[in-house]
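Atoms considered below: every heavy atom in the structure, side chains included; atoms not considered: hydrogens, waters and symmetry mates.
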Amino acid sequence: DQGDGDPILLIHGFASNIKANWGDPGWISLLRREGYRVVAIDNRGHGGSDKPRDVASYHLRNMVEDARGLLDHLGIARADVMGYSMGARITALLAHFHPERVRSAIFGGMGANMVRPMRGTEEIASALEAASLADVTNPTGRTFRAFADKFDFSRFKTLADIGGATGQLCAIVAEKHPHLKLTTCDLQPVKPIAERRIKSRGLEDRVSAAILDFGTDAFPKADVITMGMILHDWDLPTKKMLIAKAYDALPEGGALVAI
(Lines give C-alpha, C1' and ligand atoms only; values in the text may rest on other atoms or scores of the structure.)
Protein backbone atom coordinates (compact mmCIF):
# COMPACT_ATOMS: atom_id res chain seq x y z
CA ASP A 1 0.00 0.00 0.00
CA GLN A 2 1.91 3.03 -1.29
CA GLY A 3 1.08 6.57 -2.30
CA ASP A 4 -1.97 8.78 -2.15
CA GLY A 5 -4.75 9.63 -4.53
CA ASP A 6 -7.29 7.35 -6.21
CA PRO A 7 -6.67 3.70 -5.27
CA ILE A 8 -5.71 1.04 -7.79
CA LEU A 9 -5.51 -2.62 -6.82
CA LEU A 10 -2.95 -4.78 -8.64
CA ILE A 11 -3.52 -8.56 -8.89
CA HIS A 12 -0.64 -10.63 -10.25
CA GLY A 13 -0.65 -13.73 -12.44
CA PHE A 14 -0.12 -17.43 -11.74
CA ALA A 15 3.27 -18.40 -10.24
CA SER A 16 4.21 -14.73 -9.78
CA ASN A 17 4.07 -12.18 -6.97
CA ILE A 18 3.88 -8.43 -6.38
CA LYS A 19 7.60 -7.83 -6.94
CA ALA A 20 7.93 -9.88 -10.13
CA ASN A 21 4.65 -8.79 -11.74
CA TRP A 22 4.41 -5.16 -10.68
CA GLY A 23 7.55 -3.99 -8.88
CA ASP A 24 10.40 -5.05 -11.15
CA PRO A 25 8.66 -4.04 -14.43
CA GLY A 26 8.08 -0.56 -12.99
CA TRP A 27 4.31 -0.52 -12.72
CA ILE A 28 4.21 0.50 -9.07
CA SER A 29 6.60 3.42 -9.50
CA LEU A 30 4.81 4.53 -12.68
CA LEU A 31 1.38 4.51 -11.04
CA ARG A 32 2.69 6.38 -8.00
CA ARG A 33 4.18 9.06 -10.27
CA GLU A 34 0.78 9.35 -11.92
CA GLY A 35 -0.76 10.12 -8.55
CA TYR A 36 -2.38 6.81 -7.62
CA ARG A 37 -2.52 5.06 -4.29
CA VAL A 38 -1.09 1.67 -5.28
CA VAL A 39 -2.36 -1.41 -3.46
CA ALA A 40 -1.12 -4.87 -4.44
CA ILE A 41 -1.85 -8.37 -3.23
CA ASP A 42 0.14 -11.60 -3.22
CA ASN A 43 -2.53 -14.16 -4.10
CA ARG A 44 -2.87 -17.12 -1.78
CA GLY A 45 -0.17 -19.66 -2.52
CA HIS A 46 2.13 -16.93 -3.86
CA GLY A 47 4.77 -14.58 -2.50
CA GLY A 48 4.33 -13.67 1.14
CA SER A 49 0.75 -14.94 1.47
CA ASP A 50 -0.36 -18.16 3.15
CA LYS A 51 0.01 -21.35 1.13
CA PRO A 52 -2.81 -23.76 2.10
CA ARG A 53 -2.34 -27.35 0.98
CA ASP A 54 -6.03 -28.01 0.29
CA VAL A 55 -6.63 -27.81 -3.48
CA ALA A 56 -10.16 -26.47 -2.95
CA SER A 57 -8.67 -23.41 -1.26
CA TYR A 58 -7.42 -22.22 -4.64
CA HIS A 59 -10.82 -21.84 -6.26
CA LEU A 60 -10.79 -18.48 -8.05
CA ARG A 61 -13.83 -17.36 -6.08
CA ASN A 62 -11.72 -17.61 -2.91
CA MET A 63 -9.08 -15.40 -4.51
CA VAL A 64 -11.79 -12.93 -5.48
CA GLU A 65 -12.89 -12.74 -1.87
CA ASP A 66 -9.25 -12.28 -0.79
CA ALA A 67 -9.07 -9.20 -3.02
CA ARG A 68 -12.37 -7.88 -1.71
CA GLY A 69 -11.21 -8.57 1.85
CA LEU A 70 -8.05 -6.53 1.28
CA LEU A 71 -10.14 -3.58 0.10
CA ASP A 72 -12.32 -3.98 3.20
CA HIS A 73 -9.26 -4.13 5.47
CA LEU A 74 -7.85 -0.93 3.99
CA GLY A 75 -11.20 0.86 4.08
CA ILE A 76 -11.30 1.29 0.31
CA ALA A 77 -14.89 1.38 -0.93
CA ARG A 78 -14.09 1.42 -4.66
CA ALA A 79 -10.92 1.10 -6.72
CA ASP A 80 -9.57 0.73 -10.19
CA VAL A 81 -8.38 -2.90 -10.48
CA MET A 82 -5.68 -4.19 -12.82
CA GLY A 83 -4.95 -7.88 -13.18
CA TYR A 84 -2.51 -9.91 -15.23
CA SER A 85 -3.24 -13.44 -16.54
CA MET A 86 -4.82 -15.31 -13.60
CA GLY A 87 -5.09 -11.90 -11.97
CA ALA A 88 -7.17 -10.69 -14.92
CA ARG A 89 -9.65 -13.48 -14.28
CA ILE A 90 -9.77 -12.59 -10.59
CA THR A 91 -10.35 -8.97 -11.61
CA ALA A 92 -13.19 -9.96 -13.95
CA LEU A 93 -14.87 -12.06 -11.27
CA LEU A 94 -14.40 -9.32 -8.68
CA ALA A 95 -16.24 -6.97 -11.03
CA HIS A 96 -18.93 -9.62 -11.60
CA PHE A 97 -19.58 -10.51 -7.97
CA HIS A 98 -18.84 -7.10 -6.42
CA PRO A 99 -19.44 -4.48 -9.12
CA GLU A 100 -19.83 -1.74 -6.55
CA ARG A 101 -16.16 -2.20 -5.56
CA VAL A 102 -14.65 -1.89 -9.05
CA ARG A 103 -14.51 1.57 -10.64
CA SER A 104 -12.70 0.24 -13.71
CA ALA A 105 -11.14 -3.08 -14.69
CA ILE A 106 -7.93 -3.50 -16.68
CA PHE A 107 -7.08 -6.94 -18.09
CA GLY A 108 -3.63 -8.03 -19.26
CA GLY A 109 -2.20 -11.32 -20.46
CA MET A 110 -5.48 -13.17 -20.79
CA GLY A 111 -7.30 -15.10 -23.52
CA ALA A 112 -9.58 -13.02 -25.74
CA ASN A 113 -12.51 -15.34 -25.05
CA MET A 114 -12.76 -13.96 -21.53
CA VAL A 115 -14.11 -10.68 -22.90
CA ARG A 116 -15.47 -12.16 -26.11
CA PRO A 117 -17.12 -15.35 -24.80
CA MET A 118 -19.21 -15.74 -27.95
CA ARG A 119 -16.25 -15.45 -30.34
CA GLY A 120 -16.59 -17.99 -33.14
CA THR A 121 -20.29 -18.57 -32.51
CA GLU A 122 -21.21 -17.76 -36.10
CA GLU A 123 -18.81 -20.39 -37.45
CA ILE A 124 -20.02 -22.98 -34.95
CA ALA A 125 -23.69 -22.25 -35.72
CA SER A 126 -23.05 -22.48 -39.46
CA ALA A 127 -21.21 -25.75 -39.01
CA LEU A 128 -23.99 -27.30 -36.95
CA GLU A 129 -26.61 -26.21 -39.49
CA ALA A 130 -24.63 -27.28 -42.58
CA ALA A 131 -25.92 -30.09 -44.80
CA SER A 132 -22.96 -32.32 -43.89
CA LEU A 133 -19.57 -32.30 -42.18
CA ALA A 134 -17.96 -32.23 -45.62
CA ASP A 135 -19.44 -28.78 -46.18
CA VAL A 136 -17.73 -27.33 -43.09
CA THR A 137 -14.30 -25.74 -43.51
CA ASN A 138 -13.87 -23.79 -40.26
CA PRO A 139 -11.69 -25.92 -37.91
CA THR A 140 -13.61 -25.04 -34.75
CA GLY A 141 -16.94 -25.53 -36.48
CA ARG A 142 -15.83 -28.92 -37.81
CA THR A 143 -14.98 -30.06 -34.27
CA PHE A 144 -18.46 -29.25 -32.98
CA ARG A 145 -20.16 -30.79 -36.02
CA ALA A 146 -18.05 -33.95 -35.85
CA PHE A 147 -19.09 -34.42 -32.22
CA ALA A 148 -22.78 -34.06 -33.09
CA ASP A 149 -22.48 -36.45 -36.04
CA LYS A 150 -20.02 -39.09 -34.93
CA PHE A 151 -20.05 -39.43 -31.14
CA ASP A 152 -21.72 -42.70 -30.10
CA PHE A 153 -24.68 -41.66 -27.96
CA SER A 154 -26.37 -45.07 -28.10
CA ARG A 155 -25.65 -46.02 -24.47
CA PHE A 156 -26.46 -42.60 -23.00
CA LYS A 157 -29.80 -41.02 -22.12
CA THR A 158 -28.96 -37.51 -20.90
CA LEU A 159 -26.54 -34.72 -21.77
CA ALA A 160 -25.68 -31.42 -20.06
CA ASP A 161 -23.81 -28.77 -22.06
CA ILE A 162 -21.87 -26.54 -19.65
CA GLY A 163 -21.51 -23.01 -20.97
CA GLY A 164 -24.06 -23.89 -23.65
CA ALA A 165 -24.78 -20.26 -24.58
CA THR A 166 -27.67 -20.14 -27.07
CA GLY A 167 -28.39 -23.87 -26.91
CA GLN A 168 -27.28 -24.54 -30.47
CA LEU A 169 -25.28 -27.67 -29.70
CA CYS A 170 -28.05 -29.25 -27.60
CA ALA A 171 -30.64 -28.48 -30.28
CA ILE A 172 -28.65 -30.10 -33.08
CA VAL A 173 -27.67 -33.14 -31.00
CA ALA A 174 -31.31 -33.56 -29.95
CA GLU A 175 -32.46 -33.57 -33.56
CA LYS A 176 -29.85 -36.14 -34.56
CA HIS A 177 -30.37 -38.38 -31.51
CA PRO A 178 -34.09 -38.44 -30.60
CA HIS A 179 -33.65 -40.72 -27.58
CA LEU A 180 -31.63 -38.10 -25.65
CA LYS A 181 -32.80 -35.54 -23.10
CA LEU A 182 -30.50 -32.51 -22.96
CA THR A 183 -29.88 -29.43 -20.82
CA THR A 184 -28.01 -26.35 -21.98
CA CYS A 185 -26.49 -24.55 -18.98
CA ASP A 186 -25.26 -20.97 -18.81
CA LEU A 187 -25.67 -17.66 -17.00
CA GLN A 188 -29.11 -16.15 -16.42
CA PRO A 189 -29.01 -13.54 -19.24
CA VAL A 190 -28.50 -16.30 -21.82
CA LYS A 191 -31.39 -18.52 -20.72
CA PRO A 192 -34.18 -16.68 -22.61
CA ILE A 193 -32.12 -16.83 -25.83
CA ALA A 194 -31.62 -20.57 -25.48
CA GLU A 195 -35.30 -21.08 -24.65
CA ARG A 196 -36.34 -19.23 -27.80
CA ARG A 197 -34.08 -21.45 -29.91
CA ILE A 198 -35.40 -24.61 -28.25
CA LYS A 199 -39.02 -23.53 -28.78
CA SER A 200 -38.43 -22.52 -32.40
CA ARG A 201 -37.26 -26.06 -33.14
CA GLY A 202 -40.08 -27.74 -31.24
CA LEU A 203 -37.74 -29.45 -28.77
CA GLU A 204 -39.26 -28.32 -25.45
CA ASP A 205 -40.10 -31.91 -24.51
CA ARG A 206 -36.44 -33.02 -24.64
CA VAL A 207 -34.25 -29.92 -24.34
CA SER A 208 -34.29 -27.46 -21.44
CA ALA A 209 -32.26 -24.39 -20.47
CA ALA A 210 -30.85 -24.05 -16.96
CA ILE A 211 -29.13 -21.20 -15.12
CA LEU A 212 -25.59 -22.15 -14.14
CA ASP A 213 -22.50 -20.25 -13.07
CA PHE A 214 -19.90 -22.94 -13.66
CA GLY A 215 -17.44 -21.15 -11.40
CA THR A 216 -19.63 -21.51 -8.32
CA ASP A 217 -22.48 -23.97 -9.00
CA ALA A 218 -22.46 -27.76 -9.03
CA PHE A 219 -23.01 -29.33 -12.44
CA PRO A 220 -26.34 -31.08 -13.11
CA LYS A 221 -26.31 -34.87 -13.18
CA ALA A 222 -26.05 -36.26 -16.71
CA ASP A 223 -24.67 -39.27 -18.60
CA VAL A 224 -22.65 -36.97 -20.89
CA ILE A 225 -21.24 -33.57 -19.97
CA THR A 226 -19.89 -31.32 -22.70
CA MET A 227 -17.78 -28.18 -22.38
CA GLY A 228 -17.28 -26.36 -25.66
CA MET A 229 -14.51 -23.74 -25.78
CA ILE A 230 -14.42 -23.65 -21.97
CA LEU A 231 -11.45 -25.55 -20.53
CA HIS A 232 -8.81 -24.13 -22.87
CA ASP A 233 -9.41 -20.57 -21.71
CA TRP A 234 -8.83 -20.97 -17.95
CA ASP A 235 -5.83 -21.40 -15.67
CA LEU A 236 -4.81 -24.85 -14.42
CA PRO A 237 -6.50 -24.70 -10.99
CA THR A 238 -9.80 -23.70 -12.60
CA LYS A 239 -9.47 -26.43 -15.25
CA LYS A 240 -9.03 -28.99 -12.47
CA MET A 241 -11.99 -27.58 -10.56
CA LEU A 242 -14.27 -27.80 -13.60
CA ILE A 243 -13.17 -31.34 -14.42
CA ALA A 244 -13.76 -32.36 -10.78
CA LYS A 245 -17.28 -30.93 -10.97
CA ALA A 246 -17.94 -32.92 -14.12
CA TYR A 247 -16.62 -36.09 -12.46
CA ASP A 248 -18.95 -35.56 -9.50
CA ALA A 249 -21.95 -35.12 -11.82
CA LEU A 250 -21.28 -38.13 -14.07
CA PRO A 251 -22.37 -41.69 -13.33
CA GLU A 252 -20.00 -44.63 -13.65
CA GLY A 253 -19.37 -45.09 -17.35
CA GLY A 254 -20.37 -41.49 -18.13
CA ALA A 255 -18.48 -39.28 -20.54
CA LEU A 256 -16.90 -35.82 -20.34
CA VAL A 257 -16.34 -34.25 -23.76
CA ALA A 258 -14.19 -31.12 -24.09
CA ILE A 259 -14.63 -29.55 -27.52
Once the angle between the rings of H177 and H179 is folded into 0 to 90°, is it parallel (under 30°), tilted (30 to 60°) or perpendicular (over 60°)?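 Ring orientation of H177 relative to H179: perpendicular.
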Evaluate whether atom [atom1] of [X] has more than 12 neighbouring non-hydrogen atoms of other residues, nucleotides or ligands under 6.0 angstrom away.
X	atom1	result
D4	CG	no
F214	CZ	yes
K240	NZ	no

Please test K199 against E195 for salt bridge (Lys or Arg N to Asp or Glu O under 4.0 Å), starting from the C-alpha separation and ending with a verdict. CA-CA 6 Å; K199 184 176 181 179; E195 288 177 331; over 6 Å; no
Check [X] against [Y] and note the closest heavy-atom contact, atom names and distance.
X	Y	answer
V173	A148	CG2-CB, 4.1 Å
P220	A249	O-CB, 3.4 Å
T158	A222	OG1-CA, 3.4 Å

Taking the side chain as every heavy atom from C-beta outward, state whether [X] and [Y] have any atom pair closer than 4.5 Å.
X	Y	answer
D50	R44	no
M82	L31	yes
F151	F156	yes
D149	K176	yes
L169	I259	yes
S16	W22	no
Q2	Y36	no
L60	M241	no

Is it the case that one hydrophobic cluster holds both [X] and [Y], taking links as side-chain heavy atoms less than 4.5 Å apart, direct or via other members?
X	Y	value
V224	V207	yes
L74	V81	yes
W27	F14	no
I162	L93	yes

Separation of [Y] [atom2] from [X] [atom1] (nearest 0.5 Å):
X	Y	atom1	atom2	result
L180	L203	CG	CG	11.5 Å
N17	H46	CG	NE2	8.5 Å
T166	I193	OG1	CD1	7.5 Å
I90	L9	CD1	CG	9.5 Å
D217	L187	CG	CG	9.0 Å
I41	L10	CD1	CG	11.0 Å

Can you list the residues that meet the salt bridge (charged side-chain N to carboxylate O under 4.0 Å, His left out) rule with R206, with sequence neighbours excluded?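 Here no residue qualifies.
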Could I get the full list of salt bridge (charged side-chain N to carboxylate O under 4.0 Å, His left out) partners for R201, not counting sequence neighbours?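 Applying salt bridge (charged side-chain N to carboxylate O under 4.0 Å, His left out) to R201 gives E129, E175.
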Under the rule for ring-ring contact (aromatic ring centres under 6.0 Å, His included), what residues qualify as partners of F219, not counting sequence neighbours?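 Counting only residues at least two positions away or on another chain, F219 forms no ring-ring contact (aromatic ring centres under 6.0 Å, His included).
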salt_bridge(K191, D186) N-O dist < 4.0 Å: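 No, no charged N to carboxylate O under 4.0 Å.
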Between D72 and R101, does any side-chain N to carboxylate O distance fall below 4.0 Å?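 So D72 pairs with R101 through a salt bridge.
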What's the verdict on side-chain contact (heavy atoms from CB on, under 4.5 Å) for R103 and I8, showing C-alpha distance, side-chain angles and the deciding distance? CA-CA 9 Å; R103 186 174 71 171; I8 182 167; over 6 Å; no
Judged by modelled atom types alone, do D161 and T184 share a side-chain donor-acceptor pair under 3.5 Å?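 No, T184 and D161 have no side-chain donor paired with an acceptor closer than 3.5 Å.
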Picking from V38, I28, I11, what satisfies side-chain contact (heavy atoms from CB on, under 4.5 Å) with I18?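 Testing I18 for a side-chain contact (heavy atoms from CB on, under 4.5 Å) against V38, I28, I11 leaves exactly one candidate, I28.
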